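Here is the structure we will look at, set down as structure tokens.
Positions are given from 1, in the same order as the sequence printed here. Since the structure is predicted, the reported quantities are computational estimates derived from the model, not experimental observations. Whatever order the structure lists them in is the order used to number ligands and atoms, beginning at 1.
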Amino acid sequence: MEYQYLKPELKENGVCVLTISAPKSLNALNSRILSEIDYFATNIDLSTVKALILTGDGEKAFVAGADIAEMKDKNYAEALEFARLGAAAFKKVEDLEIPTIAAVNGFALGGGCELAMACDIRIASTNAKFGQPEVGLGIIPGFSGTYRLPKLVGPSYAKEMIFTGKLIDANEAHRIGLVNAVYEQTDLMDEAMKLVKMILKNAPIAVKAAKKCINDNYDMNVDQALAYENEYFAKCFETEDQKDGMAAFLAKEKAVFKGK
Ligand code: CO8
């Protein structure tokens, strides 16, 4: 697929910066962009790409939501198809076997907030604004916001955001746990890169296993979740990284992991 709206750039250490670029509509998600995100997540070459930073083009918006102009005349069946397209694409982003950071550089509204929430970690610029304003348009979050927002901030803040449709600023998003940190916009991408580099110093198979446990455990009961974690913990002992990591610690050295 030839990208019209995505700009993937491979940076140092296998870090891919994926920029969503539809600046005339503040990077609003039309069905073509959703298909491109789905294609990107399906076809990403994990032998090359070791981490993903997702951001929006320009200084004003990460993603200002689903494309309202495209949605406005949809009927039930078309809306269902559109919702499923977005939800499936975002689930593929969530399931990527590499760490993903949303660098939220402005408005992250509706589908934009939902896309950020499909990433592992969110950091924001001081001008970022978050919201789920759908009920003000006569709809509800349709790209998994009713599922992921309560997981991140708890049901009470999630309901307040979704029922009121109000926008919150980056500091408030930080306070309620929707973002991990807030930076000046000029520093945002450097900070995202620093965070990724800290993660990439660690054993990649272990980071991947931790991500899988955290993501999958949420929907299990406690016994299943603990057994699942036990299994992934034990599997780490079949890796060279575990042997190298522990040997390096005991030798008072820094491990250099091979990802094997
Ligand atoms: N869709 C389409 N176009 C948009 C969107 C959008 N979500 N957001 C902004 N734009 C366009 C504007 O129409 C405008 O276009 P033009 O220049 O042609 O008039 C351009 O971007 C610039 O926007 P503004 O002039 O409005 O810029 P402001 O700085 O005045 O305001 C805001 C910025 C506050 C971000 C404002 O644009 C806004 O409120 N946008 C809409 C935000 C919103 O409601 N988002 C949620 C959309 S619904 C959604 O995401 C549901 C997801 C699940 C769908 C499931 C479907 C079945």
When you check the gap from the basic side-chain N to the acidic O, do E97 and K212 get nearer than 4.0 Å?
no
Before accepting this row, confirm whether a basic side-chain N of the pair K197/E12 lies closer than 4.0 Å to the acidic partner's carboxylate O.
yes
Tell me the contacting part of [X] for ligand 1: side chain, backbone, both, or neither, using a 4.0 Å heavy-atom threshold, strictly below.
X    : value
E114 : side chain
A28  : side chain
F143 : both
L167 : neither

List in chain and number order the residues that pass salt bridge (Lys or Arg N to Asp or Glu O under 4.0 Å) with K159, two or more places apart in sequence or in another chain; answer none if no residue qualifies.
none
Does [X] have a heavy atom less than 4.0 Å from any atom of ligand 1?
X    : value
Q132 : no
E70  : no
K60  : yes

Which residue and atom name correspond to the protein heavy atom nearest atom 42 (C) of ligand 1, and how close is it?
A64 O, 3.3 Å
Please confirm whether F107 comes within less than 3.5 Å of ligand 1 when only nitrogen or oxygen atoms on both sides are compared.
no
Write down the atom of D241, the atom of P204, and the distance for their closest heavy-atom approach.
OD2-CD, 3.5 Å
side-chain contact (heavy atoms from CB on, under 4.5 Å) partners of D45, counting only residues at least two apart
S47, T48
Side-chain touch F257/V207, heavy atoms, less than 4.5 angstrom
no
